[in-house]
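Numbers for residues simply follow the sequence, beginning at 1.
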Amino acid sequence: MRTADESGDPAPRRRPGELASHVLNTLVEAGRPLSPGEVLELLDPSGALSYSAVVTTLTRLHEKKAVTRQRIGRAYHYTALTDPPALVAWRMSKLLESETDHTSILTRFVSGLDKQDEETLRRLLGES
């Protein structure tokens, strides 16, 4: 969660998907449905994160089918259907789907991997 440092300067912006990963991890670790307020309390007891940021993130995760929700009283309660690595893989697939030249994209992707990630990818492809 972004908070100001001791000098009062704001923390740097989150990486894309970082808050979604934190929210999803919170739901996975809870092991039960949580309201947005409960997610916020577990994620950021300091109060630096806004309630609306959590609600927006949960809504987007629901649209991506990464969480389910059920109305309990006046609020939705959310349950994780997946974990953060699956969400990143989903985002990667969506980006690839948005372009027609998959070969060029995949070639550039693989050429940009560090040696260890490339070896992992080759091993995984060899297993399938």
Item to complete: Show your reasoning for whether side-chain contact (heavy atoms from CB on, under 4.5 Å) applies to Thr59 and Tyr78.
Response: CA-CA 9 Å; Thr59 301; Tyr78 295 83; 4.3 Å; yes
Item to complete: Could you walk me through whether Glu38 and Ser35 pass side-chain contact (heavy atoms from CB on, under 4.5 Å), step by step?
Response: CA-CA 5 Å; Glu38 292 170 318; Ser35 70; 3.3 Å; yes
Item to complete: Mind running side-chain contact (heavy atoms from CB on, under 4.5 Å) on Leu87 and Lys64 for me, showing each step along the way?
Response: CA-CA 9 Å; Leu87 185 61; Lys64 294 172 184 172; 4.1 Å; yes
Practice prompt. Apply side-chain contact (heavy atoms from CB on, under 4.5 Å) to the pair Thr120 and Leu113, showing each step before the final yes or no.
Written response: CA-CA 10 Å; Thr120 300; Leu113 294 174; over 6 Å; no
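Between Leu24 and Pro84 the shortest heavy-atom distance is CD2-N, 3.8 Å.
Taking hydrophobic clusters as Ile, Leu, Val, Met, Phe, Trp and Tyr residues chained together by side-chain heavy-atom distances below 4.5 Å, Tyr51 shares a cluster with Leu43. Grouping the Ile, Leu, Val, Met, Phe, Trp and Tyr side chains by contacts below 4.5 angstrom, directly or via other members, places Met92 apart from Leu81. One hydrophobic cluster holds both Leu125 and Val110 under the rule that ILVMFWY side chains link at heavy-atom gaps under 4.5 Å. When hydrophobic clusters are built by joining Ile, Leu, Val, Met, Phe, Trp and Tyr residues whose side-chain heavy atoms come closer than 4.5 Å, directly or via intermediates, Leu121 is not grouped with Leu96. Neither Trp90 nor Ile105 shares a network with the other; the hydrophobic side chains, linked directly or stepwise wherever heavy atoms of I, L, V, M, F, W or Y lie under 4.5 Å apart, form separate groups for each.
Arg91 places no side-chain N or O within donor-acceptor distance of the main-chain N or O of Lys94, the cut-off being under 3.5 Å.
Looking at Asp44 and Val54, their side chains never come closer than 4.5 Å, going by heavy atoms from C-beta outward. The shortest side-chain heavy-atom distance between Val28 and Thr82 does not fall under the 4.5 Å cut-off.
Shown here is Glu41, whose CD atom has no more than 12 heavy atoms of other residues, nucleotides or ligands within 6.0 Å.
To the nearest 0.5 Å, atom CG of residue Leu42 and atom OG1 of residue Thr26 are 6.5 Å apart. Here the CZ atom belonging to Arg123 is positioned 10.0 Å from the CD atom belonging to Glu119, to the nearest 0.5 angstrom.
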